[in-house]
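Before any comments, here is the structure.
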Amino acid sequence: MIAGILKEYGTEKRVAMLPCEAGNLKKMGVDVIVENQAGQNAYAFDEEYSSLGIIPSPRKDVISKATILLSVNPVPVDDLESCHEGQVLCSSLDPPENRLWLERAREKGLTVLALDLIPRISRAQSMDILSSMATVSGYKAVIHAASLLPRFFPMFMSASGTIKPSRVLVLGAGVAGLQAIAIARKLGAVVEVFDVRSAVKDEVKSLGGKFIEVEGAKEDAAAGGYAVEQSEDFRKKQQELIQKRARVADVIIATAQIPGKKAPLLIHKETVAGMKPGSVIIDLAASSGGNCEITENGKTVMFKGTVVIGKSDYPSEMSDDASRMFGNNILNLLKILIDKNGNLALNMQDEIINGTTAVHAKAYVSKRIKQMLNIK
Ligand code: NAD
């Protein structure tokens with residue numbers, strides 16, 4: 001089997017596999033080729049791949065030769081047309097955004113492994129790109145906020161006077177939120193946290209954050225550990241409390257999301273207007289609508305002295321380590337996809353493989369993809 005690592009398009013700086021992980025894939029008996037300059041924006045140059053026997057080649061050669069194509073983002077439609085029946089594409093997908101792309105891949109008889117569909121079960125933790133990339137985002141969001149804030153994060157007692165610590169409000173204590181809490185605490189800020197899942201209360205506390213509980217949150221065991229939409233009554237209570245805490249915060253890191261739904265609106269325009277001038281809001285839920293009324297996805301907006309950043313591409317900005325984590329996630333997935341001779345062996349009875357396969361043999365496979373795209 002041949003695995004082909006493709007160069008990304010547009011502003012994306014990550015690469016699906018850095019030389020080290022690609023070398024480890026070779027050790028598993030897989031031939032690996034890489035597109036020319038695929039890793040350069042992640043500081044991995046062709047010579048490094050070559051030194052491991054991974055030959056940099058033109059894109060068309062990688063596409064025509066590879067059994068499985070590895071990329072961070074789905075390949076452009078033109079490349080899809082060049083792919084041949086039975087070929088496997090492995091990348092993140094965002095199915096609702098790429099519905100037509102996926103339908104074309106299905107018609108052509110391609111197999112699509114959607115890394116963002118990997119089931120969130122313990123056995124799949126090492127393959128979970130949503131978690132690894134959320135870890136990067138949570139970290140980078142706090143560092144970015146600290147660099148923009150015209151105030152210190154930690155408390156200072158000096159001859160020039162005492163500086164109070166900054167207050168950071170974290171909305172949503174999932175993977176990104178927990179990472180944000182940990183980093184903000186390490187930088188010395190006072191951290192307050194809201195979430196609708198009571199299960200995260202102890203995790204927040206153990207990281208040094210203060211969990212602000214709003215009674216009456218709806219939880220659903222069938223949601224697989226994810227949040228569900230809340231009642232109108234709960235929303236009102238939660239909103240009142242959040243607006244109060246937001247007004248005294250220097251930084252808000254907003255990460256609250258509900259899978260498949262618009263992100264909950266948690267910070268009103270009036271609240272932003274009431275924040276201390278110079279405050280910073282980083283909205284990591286921007287691509288699904290944002291937690292703040294002012295947020296514009298991919299933009300920085302200055303509103304009454306507070307800067308509101310809607311951002312979803314922090315992993316690309318930390319291309320080296322983000323690519324390392326992404327490549328390791330793929331490597332761990334491939335370990336269950338290939339046999340001891342290095343050949344592809346897709347066992348659709350395996351919960352992880354079945355859950356991650358969007359289309360195969362001209363059919364939609366994953367139960368989640370069928371739900372997401374409303375396919376019977
Ligand atoms: P996410 O990105 O879907 O949401 C982020 C957080 O926002 C969640 O904690 C959610 O509860 C919270 N939220 C939603 N609505 C809210 C509201 N109105 N107010 C406040 N907070 C709100 O979450 P995620 O980071 O993807 O993690 C979600 C779940 O997946 C967690 O239970 C986590 O433990 C689990 N998980 C499992 C694995 C695994 O086992 N492989 C890996 C990663 C995450």
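We count ligands from 1, going down the list as the structure has it; atoms in each ligand are counted the same way. Just so you know, these numbers come straight off a predicted model, no measurement behind them. We use all heavy atoms of the structure for the numbers below, so side chains are in, but hydrogens, waters and symmetry mates are not.
Atoms of ligand 1 found under 4.0 Å from any heavy atom of Ile121 (numbered from 1 in listed order, with element): 39 (C), 40 (O), 41 (N). Short contacts between ligand 1 and Gln125, defined as distances under 4.0 Å to a heavy atom of the residue, involve ligand atoms 39 (C), 40 (O), 41 (N). Counting atoms of ligand 1 from 1 in the listed order, those under 4.0 Å from a heavy atom of Gln238 are 17 (C), 18 (N), 19 (N), 20 (C). Ligand-side atoms of ligand 1 in range of Ala173: 9 (O), range being under 4.0 angstrom from any heavy atom.
By heavy-atom distance, the residue among Ser137, Pro259, Ala256 lying nearest atom 13 (N) of ligand 1 is Ala256. Considering only non-hydrogen atoms, atom 8 (C) of ligand 1 lies nearest to Asp195 out of Asp195, Asp128, Ile118, Ile242. For the residues Gln257, Arg197, Lys261, the heavy atom positioned nearest atom 4 (O) of ligand 1 is part of Gln257. The residue among Arg235, Arg120, Glu219 with a heavy atom at the shortest distance from atom 26 (O) of ligand 1 is Arg120.
Considering backbone and side-chain atoms alike, Val175 places an N or O below 3.5 Å from some N or O of ligand 1.
Looking at heavy atoms from C-beta onward, Leu117 lies out of side-chain contact with Leu93 at the 4.5 angstrom threshold. Counting only heavy atoms from C-beta outward, the side chains of Met348 and Ile353 approach each other to under 4.5 Å. Counting only heavy atoms from C-beta outward, the side chains of Tyr43 and Ser319 approach each other to under 4.5 Å.
Using a cutoff of 4.0 Å between basic side-chain nitrogens and carboxylate oxygens, Arg104 and Glu81 are scored as salt-bridged. Salt bridge Asp250/Lys164: absent, no basic N to carboxylate O contact under 4.0 Å.
The residue Val200 has no part lying near ligand 1, judged by heavy-atom distances below 4.0 Å. Within the 4.0 Å heavy-atom criterion, neither part of Gln230 lies near ligand 1. With a 4.0 Å heavy-atom cut-off, ligand 1 is reached by the side chain of Ser131 but not by its N, CA, C or O.
Each of Val112, Leu346, Leu113 was compared with His360 under the side-chain contact (heavy atoms from CB on, under 4.5 Å) criterion, and only Leu346 meets it.
The CG atom of Leu18 sits 11.0 Å away from atom CG of Asn24, with the distance rounded to the nearest 0.5 Å.
Residue-ligand proximity: Gly177 is placed with every non-hydrogen atom at 4.0 Å or more from ligand 1.
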CA sep, side-chain torsions, deciding dist, call: Lys201, Glu213, salt bridge (charged side-chain N to carboxylate O under 4.0 Å, His left out):
CA-CA 8 Å; Lys201 196 170 162 181; Glu213 197 152 7; 2.8 Å; yes
